[in-house]
Amino acid sequence: MTALTLTGVGHAFFGRTVLSRVSLSIRRGEVVALVGPSGCGKSTLAHIAAGLISAREGRVANHYRRHAMVFQDPRLLPWRGAAGNIAYPLELSGMSRRERDLRVRQSARMVQLEDQDLDKFPVELSGGMRQRVAIARALAIEPDFVFFDEPFTALDVALKRRMQDLVIAAAQQNRFAALFITHDLMEAIRVAHRILVMHHTARLRGRALWLLAASWGLARIVGFLASEQLLIVAALADLSWLLALILYLCQISIQRRTDRLVAFIIWLAALAVAIVAARAGMFMGDFGFSRNASLASGHIFLGLLGLALARITVPVTNHVLDPREETAPYRPHPGRQNLAPGLVALAIAGDCFGLSPAVSGYLWIAAGAGFLDRVAECFVGREAFRAEIAVLAGASALSGLGLLTVGASRLGASWGEAPGVHIALMGGLGLAVLAVLSIAGRFHTGQGLGLNWPTKAAFIMVIVGTTLRAMPEMGLLSLPPGPLHLLASCFWALAFIAWLYDYWPSLPRLQTDEPTC
């Protein structure tokens with residue numbers, strides 16, 4: 001009978017696929033080694049199987065009662081002795097002290113720890129002894145499945161061999177199943193009953209992506225030229241890249257049998273309708289209709305932003321809190337992921353059905369509160385001041401503030417809707433796009449997190465530009481709005497130039513292959 005089954009598991013970090021449709025099964029009492037080069041997703045797969053990370057797609061079915069995990073780093077509590085570390089999971093389970101002490105000594109003997117070693121603190125133990133304590137801690141709970149995530153990588157050859165012998169003996173004595181992660185083929189041969197090999201798979205080339213970008217860029221160039229004769233060309237260009245993107249997402253959803261992209265597909269379809277309606281209004285000369293459709297497309301963009309932020313903030317926060325990605329210390333409530341886009345959809349529906357300004361105003365205030373709820377998720381201690389987390393929180397904050405301003409204008413505030421729209425779109429959406437370009441750009445060039453000063457300056461420029469654009473319209477500055485609007489546009493453009501200045505030298509390091517399995 002199987003102890004663990006993975007079916008079609010896939011995962012990605014920051015848009016980079018690390019696992020794609022991985023399936024495996026491990027029988028009870030069987031030790032399976034997972035071998036492969038660094039970066040191919042071995043540890044990620046183990047963490048998904050152990051429940052430390054939620055897979056983007058696929059299914060994990062476990063049939064064991066209790067499992068344990070041994071990491072590359074022993075992860076001992078420095079204020080506890082060896083015995084206290086081994087006993088820690090037993091204490092959490094509520095086991096009596098007498099039974100706990102007996103179990104600790106049994107586990108210690110199993111990994112050849114002497115009685116005098118049990119009173120020593122981790123700082124007093126050698127690297128090999130600390131790793132023995134970690135193994136003893138895992139075995140103390142009498143698991144029927146153990147995950148070993150490269151536990152002996154940092155040990156010398158002789159000590160590594162002794163540790164391997166301990167694992168072999170413990171597996172035979174306790175008859176537990178195990179998934180053993182390693183990049184050492186000889187270690188896998190010694191320890192495992194069966195070996196699975198993971199490898200790098202070349203990704204598809206970006207020609208389709210360039211075509212999408214070209215279609216999008218063509219529509220923007222027509223808008224910049226303000227040519228009425230080319231309106232039809234702009235409409236077709238916008239419609240082509242949106243439909244191509246929708247079809248691509250549908251293809252992925254069908255191939256991978258996942259519903260995770262359905263919300264994006266619905267929002268993109270709504271965006272396509274709104275953009276085509278805006279272009280049609282301009283073509284027919286109905287500028288009021290075109291204005292309303294353009295405003296609706298901006299609100300739909302905010303709905304897409306809410307979906308994206310819900311899925312970006314979590315992995316970025318976890319990577320900041322644990323750069324080795326061995327744990328997932330931050331796990332938001334799943335019901336909050338779609339709160340902001342859901343409230344935006346409700347407010348858009350209210351506008352479409354012609355609700356009174358008071359009712360629609362409260363709906364937009366609720367949508368703004370949904371974005372501000374995302375800001376609260378970024379309070380993770382002092383790491384919240386890291387630029388990567390702060391900029392995502394800032395994008396949510398500006399989006400929420402903008403929608404609150406829109407709602408307040410409909411409830412009788414002295415300003416119109418324009419400043420709220422500019423805060424939400426120019427500020428929130430602009431900051432979010434810049435954040436994604438910066439964070440994902442570093443990962444795709446193999447640099448990891450850690451933003452440079454030009455990118456941080458770009459974030460500040462977006463905020464300054466948004467402030468200069470909105471303040472005159474809210475009556476907070478007595479200066480004429482024209483020069484300030486021009487200055488705001490310059491700040492906004494300079495922000496993306498600063499990002500490009502920072503990112504351009506990294507383009508030669510752009511990764512052409514993504515690790516998948």
Side-chain angles (χ1 to χ4, degrees), residues 3-4 24 26-38 42-43 45-46 49-50 64 66-76 81-90 102-120 122 124-198 326:
L4 175 70
L24 66 86
I26 300 175
R27 297 185 297 273
R28 289 186 177 178
E30 181 184 32
V31 178
V32 173
L34 209 53
V35 181
S38 298
K42 302 185 302 295
S43 293
L45 185 63
Y64 46 77
R66 192 181 299 111
H67 76 275
M69 193 156 193
V70 181
F71 295 97
Q72 180 177 341
D73 181 1
R75 300 196 176 193
L76 303 181
N85 273 282
I86 297 172
Y88 185 64
L90 304 177
L102 178 61
R103 190 79 66 83
V104 167
R105 296 191 180 280
Q106 288 176 344
S107 300
R109 283 196 299 269
M110 200 176 300
V111 297
Q112 299 176 13
L113 281 173
E114 302 295 337
D115 289 344
Q116 60 266 27
D117 297 328
L118 296 178
D119 296 326
K120 295 179 181 179
E124 301 175 282
L125 300 172
S126 66
M129 293 178 71
R130 285 196 293 268
Q131 198 66 354
R132 291 188 204 184
V133 173
I135 296 174
R137 179 179 57 191
L139 299 180
I141 63 172
E142 296 184 349
D144 44 3
F145 200 102
V146 182
F147 295 92
F148 293 95
D149 186 7
E150 301 191 44
F152 311 137
T153 301
L155 304 182
D156 61 69
V157 176
L159 185 56
K160 180 186 293 188
R161 191 174 184 87
R162 290 201 296 271
M163 293 294 102
Q164 294 167 359
D165 291 336
L166 288 177
V167 170
I168 295 169
Q172 292 174 347
Q173 181 175 342
N174 294 278
R175 301 190 63 78
F176 56 72
L179 180 61
F180 196 96
I181 307 298
T182 181
H183 59 264
D184 185 343
L185 184 58
M186 296 308 298
E187 182 175 60
I189 293 172
R190 290 199 74 233
V191 171
H193 299 107
R194 184 159 53 101
I195 299 174
L196 303 178
V197 179
M198 300 178 70
E326 292 183 345

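Quick note: numbers below take in every heavy atom, side chains included, and nothing from hydrogens, waters or symmetry partners.
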Any [X] side-chain heavy atom under 4.5 Å of [Y] side chain:
X      : Y      : value
Glu187 : Arg190 : no
Pro74  : Val133 : no
His193 : Val32  : no
Arg175 : Arg28  : no
Val35  : Leu196 : no

Please name the pair of heavy atoms, one in Ala136 and one in Ile86, separated by the smallest distance, quoted to 0.1 Å. CB-CD1, 3.7 Å
Minimal non-hydrogen separation, Ala177 against Ala3, with atom names: CB-CB, 4.1 Å
To the nearest 0.5 angstrom, please state how far the [atom1] atom of [X] sits from the [atom2] atom of [Y].
X      : Y      : atom1 : atom2 : value
Met198 : Ile181 : CE    : CD1   : 7.5 Å
Leu179 : Leu4   : CG    : CG    : 7.0 Å
Ser43  : Glu150 : OG    : CD    : 5.0 Å

Could you go through Leu76 and Arg137, starting from their C-alpha distance and side-chain angles, then the distance that decides it, and tell me whether this counts as side-chain contact (heavy atoms from CB on, under 4.5 Å)? CA-CA 9 Å; Leu76 303 181; Arg137 179 179 57 191; 3.8 Å; yes
Using side-chain hydrogen bond (donor to acceptor under 3.5 Å, both in side chains) as the criterion, list what pairs up with Asp119, not counting sequence neighbours. none
Contacts of Arg109 that satisfy side-chain hydrogen bond (donor to acceptor under 3.5 Å, both in side chains) - sequence neighbours left out: none
Mark yes when over 12 heavy atoms from residues, nucleotides or ligands other than Tyr64 sit less than 6.0 Å from its OH; otherwise mark no. yes
For Glu30, is there an ion pair with Arg194 - N to carboxylate O distance below 4.0 angstrom? yes
Residues Lys42, Asp149; criterion salt bridge (charged side-chain N to carboxylate O under 4.0 Å, His left out); working and verdict: CA-CA 8 Å; Lys42 302 185 302 295; Asp149 186 7; over 6 Å; no
Is Arg66 reaching over with its side chain to a backbone N or O of Glu142, donor-acceptor style, under 3.5 angstrom? yes
Expected output: side-chain Asp117 to main-chain Leu113 donor-acceptor under 3.5 Å: no
Run Phe148 and Val167 through side-chain contact (heavy atoms from CB on, under 4.5 Å) and show every step you take. CA-CA 10 Å; Phe148 293 95; Val167 170; 4.0 Å; yes
After noting the C-alpha distance and the side-chain angles of Arg132 and Leu125, does the key distance pass the side-chain contact (heavy atoms from CB on, under 4.5 Å) rule? CA-CA 10 Å; Arg132 291 188 204 184; Leu125 300 172; over 6 Å; no
Going by the rule ring pair (Phe, Tyr, Trp, His ring centres under 6.0 Å), which residues pair with Phe147 if we only count those two or more places apart in sequence or in a different chain? His67, Phe145
